[in-house]
Engineer: 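First the structure, then my questions, so here it is.
The chains referred to below are lettered A, B, ... by the order of the sequence lines, with proteins before strands, and numbering in each begins at 1. The figures here come from the full heavy-atom set of this structure, side chains too, leaving out hydrogens, waters and symmetry mates. Since this is a predicted model, take the numbers as computed values, not measurements.
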Amino acid sequence: MLLEGSHFIHSPPSRVFALLNDPDVLSRCVPGVKSLVLDGTDSYKAQVEVAIGPVKGKFDGKIAITEKVQDQSMTLKVEFKSPVGIANALGTLKLEPENDGTTVHWAGEPQLMGMIASVGARLIGGVAKVQADLFFSKLELEAQKVES
Amino acid sequence: MTEKFFGKAVKRVEDPRFITGAGNYTDDIVLHNMTYAAMVRSPYAHAKINSIDASAALALPGVLAVLTGKDLVAAGINPIPPGWLLPDLKISAHHAIQPDKVTHVGNIVAAVIAETRAIAEDAAALVDVDYEMLPAVALGSTALAEGAPQVHELAPGNVAFKWEIGDSAAVDAEFAHAFKTVEVKLRNQRLVPNAIEPRSSLADYKRAGDEYTLYTTSQNPHIHRVMLGAFIMGIPEHKLRIVSPDVGGGFGSKIFQYPEEVIVLFASKKLNRPVKWTATRSESFVSDAQGRDHETVAEMCVDADHKVLALRVKTIANLGAYLTTFAPAVPTYLYGTLMNGTYKWKAIHCHVTGTYTNTVGVDAYRGAGRPEATYVLERIMSRMALELGVDPLEFRRKNFIQPDEFPYQTPVALQYDSGNYEPAMDKAMAMLDYAGLRAKQAEGRKNGKYIGIGVSTYLEACGLAPSALVGSLGAQAGQWESALVRVSATGKVEVLTGSHSHGQGHETAFAQVVADELQIPMEDVSIVHGDTARLPHGWGTYGSRSAPVGLSAIKMASDKINDKAKKIAAHLLEASVDDIVHEDGKYQVKGVPEKSKSFFDIALMAHLAHNYPADLEPGLEATHFYDPKNFVYPFGTHLAVVEVDANTGHIQLIRYVCVDDCGPIINPLIVEGQVHGGVAQGMGQALLENTVYDDNGQLTSGSYLEYTMPRADNMVQLEIGHTVTPSPHNPLGVKGIGEAGTISSTAAIANAVIDALEPFGVKHLDMPYTPEKVWRAISASLPQAADD
């Protein structure tokens, strides 16, 4: 199932791009993040706590940024595992200048395995949307903070 | 006259304990020093196991052991074999714990044993397994396609077997001169069994005597003793006791040998402590053998008089990742042989390809092969009637085997010994007011009210089974049954039966028959089952075999008790044994009722042996092993009426009439209960249930959020009738009823739904008939609005 959405950030693409590549900013913005550390170039190790419907789990994983085009786009490869299952995804972020800010278009195809697939598969769309809303609203705050 | 119990609606004697929480289920058993197991299961449908790091789990206080597949292999534990073989069967090694590779979600990769269940579950989450994901395949036809991922190297193209029955050339010849032919493509979707009680196993190894006891949720404890003892673990059978106490529903899913039973036995010896494992509902979804899952193309033809000529069936049966105990038999000998139904075919040919996929194993589920066959046959019969423009019931009537044609040899091996199909159909039609309802249906359609009437004039073969016959077909087991009737010194009777009761009410129905045979009160009889240490060898309960096979053995053992009792009475009454009659609860001299001995007198003297025939052994007990001569062939007519809401696609069952012929009825209350449960289960398949795997082999319907079980509001008060055609070959004439409801109702309801959708030009939809699917089919048939 392809999930996608877009969010407007009141900040130029160069700024937004920089924020999206800052581990400290990401640690503060990714919902449920317990830790997020740089692990080589464009690669992160992370621990997040996520609930998908009735299934809640602590996920350990890696995020690798591939195909990075400065201030324009990047592709993310996400691999997380937990006792309740595995979540992998390949996602893209595209930054589009718009008026006084940037529209971030995101898309991704999650692959769920194990318990989260058997009880959470049809809930993932809603969960992803809520998580994205949370992430981008926090990113907006970060953008304001940096600018002020 | 003593009270007769046969035919009486005696309330079930087991129910008070079940409904007051006094049942004794496996998980209720708590042993001193008991430990708990939790399984580490694969989240991948197909993956290599690179490594397993159990250090974090072992570091948790209270964890006693973490077992892996390599531990079991090193200890000489063999894979779990199937219990039925077919020619050229490709058997995948099913290890209790997989050592190298996983092939379905839920496959066990490690087991944690700990002091409490909570610790075991927490520790299982800490076992770090490094997998290398492999491509997976979930659907049978996809598995057979060129270039599909390979589930097992030993089965190229994922083919486990190819099997056929019938005469292909004869079928071709009939099609060549047929008046009309039709073809249907049918998907018989996969089902999850969902017994109320999840599986549970408790192993108790005793160093003194080197003996094992396994308490487990099983329909057939002796089958486990043979498989675990002789084939898997190398435990001498006399050192292995299997107990299946109260079991909360099986529906086939508790026939099979499961990995967890091997694991707890192994762990109990290793730790020298009892080890218990009980499934969570989520585990049941990914570890209980599932049911059905066929993709079928069927064709039939008729002559100009609308007489059926030939039937050609090609089926892909998805077996899942492993061959569970009876997996090879269900889509073959329990399926292809049932294609004849109640009709007079000139020729039939059925070809089945069994495929491996990265899914949970598929095996017997209530009806086991027969619901799948009935669905094919009854759907195509109704489709042919539709294409011919004739009434589906009259079309069937025209093609029934007639009462004077028995024994009837079908083109697919079975020889029906008895049957009388029209009276059952007539009775069902009268109960429904079939003609009146058809008129109402026609009238309703004019006013946008869409009802559908569906029929299934099913037949099933049950009472499994003549042992030599099933042996010649590949069964690795006998299918006779044992009974031991043991009379105590005070005339109380224990009946030890190899049949197992897990909802069937044996403690009541069997006791009714024994009370009649021995002319004693029912409360003086107890039925003992489910313990290999107490019973003679028996083969358990499945295939509606308990009454026709298990109870036949009991009846014949009871006859032996009466024979011996008469000899003792003759001695005590100083009469010839030929002059002793068993009447009014007494053994008496014919014509001299005052010269008599009670059952109590006889039982006491058999034990005291003070005044006793010199040539007779003391004691009063008898054993009988009964091997049936044939299957039994219950049949009947089920009529389902549904109403479709054309605006929402919602289907409501509004009437359900069933007339079953299961032979003489021992207890009408229990038979009615079996019919209720069976019809509800079949309705579940038709309208609600579906097991969905995604393209990666992930089960996406693994909870009751996604998997819809039947509920009260889906049902209707059943209208139940019977005809009685006894089986000619067993001593009570009884047939089976446990599976009939499921076998027949799915097809009847499917036919009703398609009949309701006829005004919309819908000739076929695959089950389940969810509102969305029905609404889409209706919408597709309607003229599109102008602005679309």
Side-chain angles (χ1 to χ4, degrees), chain A residues 1-4 32 34-35 39 43 45-64 66 76-91 107-130, chain B residues 38-47 56-57 60 102 104-107 109-110 112 120-136 138 192 280-287 358-360 690-708:
Chain A
M1 179 175 39
L2 183 74
L3 304 172
E4 52 193 341
K34 296 287 151 204
S35 76
D39 181 40
S43 180
K45 268 176 121 167
Q47 192 179 59
V48 292
E49 220 169 63
V50 182
I52 300 171
V55 188
K56 202 159 36 174
K58 207 178 273 176
F59 288 76
D60 285 305
K62 291 182 289 194
I63 303 166
T66 58
L76 302 163
K77 195 174 167 214
V78 182
E79 291 178 325
F80 277 89
K81 71 178 188 179
S82 82
V84 296
I86 291 165
N88 293 341
L90 202 61
E109 193 144 21
Q111 201 179 31
L112 301 180
M113 284 169 275
M115 171 97 81
I116 47 169
S118 68
V119 304
R122 293 224 294 202
L123 304 169
I124 188 71
V127 172
K129 196 186 169 310
V130 169
Chain B
M39 304 300 157
V40 180
R41 295 181 185 275
S42 170
Y44 291 98
H46 198 191
L60 202 67
V102 291
H104 71 83
V105 173
N107 222 177
V109 293
V112 177
E121 287 181 359
D122 284 352
L126 294 174
V127 175
D128 190 15
V129 185
D130 181 29
Y131 296 97
E132 181 182 333
M133 187 174 159
L134 299 169
V192 174
T280 64
R281 184 59 63 181
S282 297
E283 279 185 293
S284 302
F285 268 98
V286 295
S287 69
N358 295 110
T359 60
V360 176
N690 196 11
T691 310
V692 182
Y693 288 91
D694 71 11
D695 294 341
N696 296 314
Q698 292 293 327
L699 177 69
T700 59
S701 58
S703 81
Y704 294 137
L705 282 175
E706 301 288 345
Y707 191 93
T708 315

Engineer: Is the backbone N or O of B:V692 less than 3.5 Å from a side-chain atom of B:N690, with the two atoms forming a donor-acceptor pair by type?
Structural biologist: no
Engineer: Decide yes or no for A:M113 and A:N88: does some side-chain heavy atom of the first lie under 4.5 Å from some side-chain heavy atom of the second?
Structural biologist: yes
Engineer: What pairs with A:K56 under salt bridge (Lys or Arg N to Asp or Glu O under 4.0 Å), at least two apart in sequence or on another chain?
Structural biologist: none
Engineer: Which residues in residues 126-136 of chain B have a heavy atom less than 4.5 Å from any heavy atom of chain A?
Structural biologist: B:D128, B:V129, B:M133
Engineer: Under 4.5 Å heavy-atom distance to chain B, tell me which part of A:I116 shows up: side chain, backbone, both or neither.
Structural biologist: neither
Engineer: If you look at every heavy atom in B:Y707 and B:T691, which pair is closest and at what distance?
Structural biologist: CE1-OG1, 3.4 Å
Engineer: How about B:D695: does its CG atom have over 12 heavy atoms from other parts shown lying under 6.0 Å from it?
Structural biologist: no
Engineer: Go through the atoms of B:T700 and report whether side chain, backbone, both or neither lie under 4.5 Å from a heavy atom of chain A.
Structural biologist: both
Engineer: Considering non-hydrogen atoms only, spot the tightest contact between B:N696 and B:A45 and give its length.
Structural biologist: O-CB, 3.1 Å
Engineer: With a 4.5 Å cut-off on heavy-atom pairs, point out which of B:L699, B:V286, B:L705 contacts chain A the most.
Structural biologist: B:L699
Engineer: If only atom types and distance count, is the side chain of A:D39 paired as donor or acceptor with the main-chain N or O of A:S43 below 3.5 Å?
Structural biologist: no
